[in-house]
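See structure below.
Throughout, a chain's letter reflects where its sequence line sits, starting with A, and its residues are numbered from 1. Bear in mind the structure is a predicted one, so any value in this text is a computation, not a measurement.
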Amino acid sequence: MLDSKQLRADTENVARNLARRGFVLDLAAFRSFEERRKQVQIEADRLRSERNANAKAVGMAKGKGEDASALLKRGEELTQQLSSAETALDAVQAESDAWLMGLPNLLHDSVPEGRDESANVEVRRHGIPRSFEFTPVDHVDVGAKLGGLDFEAAGRISGSRFAVLRGGIARLHRALAQFMLDLHTGDHGYQEIYAPYIVSGDALTGTGQLPKFEQDLFALKGERALYLIPTAEVPVTNLVREQIMTPEQLPMRYVAHTPCFRSEAGAAGKDTRGMIRQHQFDKVELVHMVKPTESYAALEQLTAHAEEVLKRLELPYRVLALCAGDIGFGSSKTYDLEVWLPGQGKYREISSCSNCEAFQARRMQARWRNPETGKPEPLHTLNGSGVAVGRAMVAVLENYQNADGSVTVPAALRPYMGGIEALRPS
RNA sequence: GGAGAGAUGGCCGAGUGGUCGAAGGCGCACCCCUGCUAAGGGUGUAAGGGCCAAAAGCCCUUCGAGGGUUCGAAUCCCUCUCUCUCCGCCA
């Protein structure tokens, strides 16, 4: 959510900033219901003030044993007028809130211009893609040779876009998650979090998935609006919702390994083969809550922590700064990490690291007490994958494949694989 | 799943229809006094929003959430959520 004061005071600049995303801010609509809101709110406040004074007068009159019938009559009138004023205010407020909730975050100045992913800017590259003495295949074929990567069984159980892992591949998947958690808790100073996989609509509104992106979520049947998490970002970031943190409590750095559930309603026909795009996948997520002045340093740091996973796995990757048109709804600035996939012959997204500044904090009412002002102010939140476990496994299978169908286990993972050096066809 | 109790400010805790945004305590901040293995006194101390260019100031909202009764609700009624205790069941 944007700062409504800023929106009112600095409307032109906000509009200009959002236009970089290709988002058209309807200034006329905003000004019109802003005008109406002001009018109705002032009137409602005035009526309430008068009603309160009147009710007090009734109390005093009765206390003194005086006749209060005129005051009572006035009170009835006021209550009636107030009731209609409040109905009007609620309507305007609801309209204004819905509009405000639909506005994306402001972009940081350093975000490159551009309409779509083709304009993303490569910031750096690490590692050199291995040259194969044979033609490398994609992870589906690697898995088929190896055995243990079963999309057919998953189809019978759940439908398309699910996978069943067996044996060594299942263990490799688990090893990756364990390795990442240990790296971030041990070397990077994160606190590990185990959080609910089912969350309320409020939590999702806080991080920005609702109300706009409900079609991407799996909703649970039942009386209450509950959803499966699309990312651990939701429960973990919401840890600070409706809290006021002291300066000493910041920064907070959390890591969580969770499954993620996405209906991917808009992605039909994309990446239908293999494990790249699934309804259910595991991810190790990094979340920071920081002082506003520190959030851009934190973004660099968080991104470096995610990169370290790929470095230790010795997987070639590149870092992109997303352009204005490709950046997510709630983010001010995002780096994507793309890992090299020999089977596809290209780099594919494996992590996305974002500084949401105060966008989520405002929605969640997550604040910190700024010692300079003495007042609670929205803190800044960041999140990034560190990294997607399923896609990391895809990358390992493809980059470490051998001519005989075996897959070498990356050195960093061997302690988690009982020391074995390779997965071999069974 | 059954039975009961509860939800008040950073924390504890009073408050059953009217000057209650809320006694008292703790904590915290500042000041004063005193002076040595500590204590005493005073003052202040919620959040959100509106009017205003802004500050000051004024106003509104908030006692788990939502609705209702009333001139007036922390207080009465209804619904929901959460917490605790006991029983049952289970991992």
Side-chain angles (χ1 to χ4, degrees), chain A residues 1-14 30-31 33-101 194-206 220 222-227 235 238-250 358 360-379:
Chain A
M1 186 163 68
L2 300 184
D3 181 358
S4 53
K5 279 183 188 155
Q6 185 189 4
L7 189 57
R8 261 176 250 149
D10 200 16
T11 318
E12 304 293 339
N13 280 325
V14 170
F30 170 62
R31 294 204 168 108
F33 64 58
E34 191 47 26
E35 197 46 50
R36 230 177 328 139
R37 194 219 85 234
K38 196 183 279 194
Q39 212 178 349
V40 178
Q41 183 163 359
I42 290 171
E43 176 65 1
D45 278 3
R46 209 211 83 230
L47 283 167
R48 244 186 251 112
S49 174
E50 195 181 339
R51 181 208 56 185
N52 292 348
N54 187 263
K56 235 171 224 184
V58 173
M60 286 196 284
K62 286 198 169 175
K64 290 187 211 152
E66 294 168 1
D67 174 34
S69 57
L71 291 170
L72 289 177
K73 184 157 176 278
R74 178 67 187 139
E76 265 175 73
E77 286 167 21
L78 285 168
T79 299
Q80 218 163 40
Q81 287 172 32
L82 180 60
S83 153
S84 61
E86 280 181 333
T87 306
L89 181 59
D90 286 349
V92 181
Q93 203 79 260
E95 187 184 359
S96 162
D97 285 353
W99 185 80
L100 205 56
M101 282 301 208
Y194 171 81
Y197 304 156
I198 292 173
V199 294
S200 68
D202 284 345
L204 287 154
T205 302
L220 268 46
E223 309 266 304
R224 292 207 289 149
L226 292 173
Y227 302 83
N238 273 283
L239 284 172
V240 291
R241 85 174 352 247
E242 290 157 42
Q243 303 284 311
I244 301 173
M245 314 313 299
T246 63
E248 298 76 45
Q249 288 173 291
L250 303 177
Q360 296 180 321
R362 259 183 234 110
R363 291 173 164 242
M364 295 187 298
Q365 290 184 72
R367 294 149 293 170
W368 74 298
R369 197 171 293 278
N370 184 346
E372 282 173 32
T373 60
K375 301 239 171 187
E377 296 171 9
L379 44 75

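- Checked against side chain to side chain donor-acceptor pair (under 3.5 Å), Q41(A) has the following partners two or more places apart in sequence or in another chain: R37(A).
- Every residue two or more places apart in sequence or in another chain was checked for a side chain to side chain donor-acceptor pair (under 3.5 Å) with N54(A), and none qualifies.
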Summary of protein contacts for nucleotides 42-62 of chain B, nucleotide by nucleotide, where a base hit scores B, a sugar-phosphate-only hit scores S (4.0 Å, heavy atoms): -----SSBSSS------SSS-
Return a table of donor-acceptor pairs under 3.5 angstrom between the side chains of residues 196-206 of chain A and protein atoms on other chains or two or more places apart.
unit_1  : atom_1 : unit_2  : atom_2 : d
S200(A) : OG     : D202(A) : N      : 3.4
S200(A) : OG     : A203(A) : N      : 3.2
T205(A) : OG1    : G201(A) : O      : 2.8

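- If you take atom C1' in U34(B) and the same atom in C28(B), they sit 23 Å apart, rounded to whole Å.
- In RNA chain B, the stems built from three or more successive Watson-Crick or G-U pairs (distances below 3.5 Å) are B:1-7 with B:81-87, B:10-12 with B:24-26, B:27-32 with B:40-45, B:46-51 with B:57-62, B:64-68 with B:76-80.
- Pairs of residues two or more places apart, or lying in two chains, that qualify as ring-ring contact (aromatic ring centres under 6.0 Å, His included) and include a residue from residues 33-82 of chain A are F33(A)-W99(A).
- Residue pairs meeting the salt bridge (charged side-chain N to carboxylate O under 4.0 Å, His left out) criterion with at least one member in residues 54-63 of chain A: none, sequence neighbours excluded.
- Every residue two or more places apart in sequence or in another chain was checked for a side chain to side chain donor-acceptor pair (under 3.5 Å) with Q6(A), and none qualifies.
- Qualifying side-chain contact (heavy atoms from CB on, under 4.5 Å) partners for S4(A), counting only residues two or more places apart in sequence or in other chains: R8(A), L100(A).
- Residues satisfying the side chain to side chain donor-acceptor pair (under 3.5 Å) test with E86(A), not counting sequence neighbours, are R48(A).
- Non-hydrogen atoms lying under 4.0 Å from RNA chain B are contributed by nothing in residues 85-97 of chain A.
- Sorted by first and then second residue, the side chain to side chain donor-acceptor pair (under 3.5 Å) pairs involving residues 365-374 of chain A (not counting sequence neighbours) are N370(A)-E377(A), T373(A)-E377(A).
- Under the 4.5 Å side-chain criterion, counting only non-hydrogen atoms from C-beta, E50(A) is in contact with R74(A).
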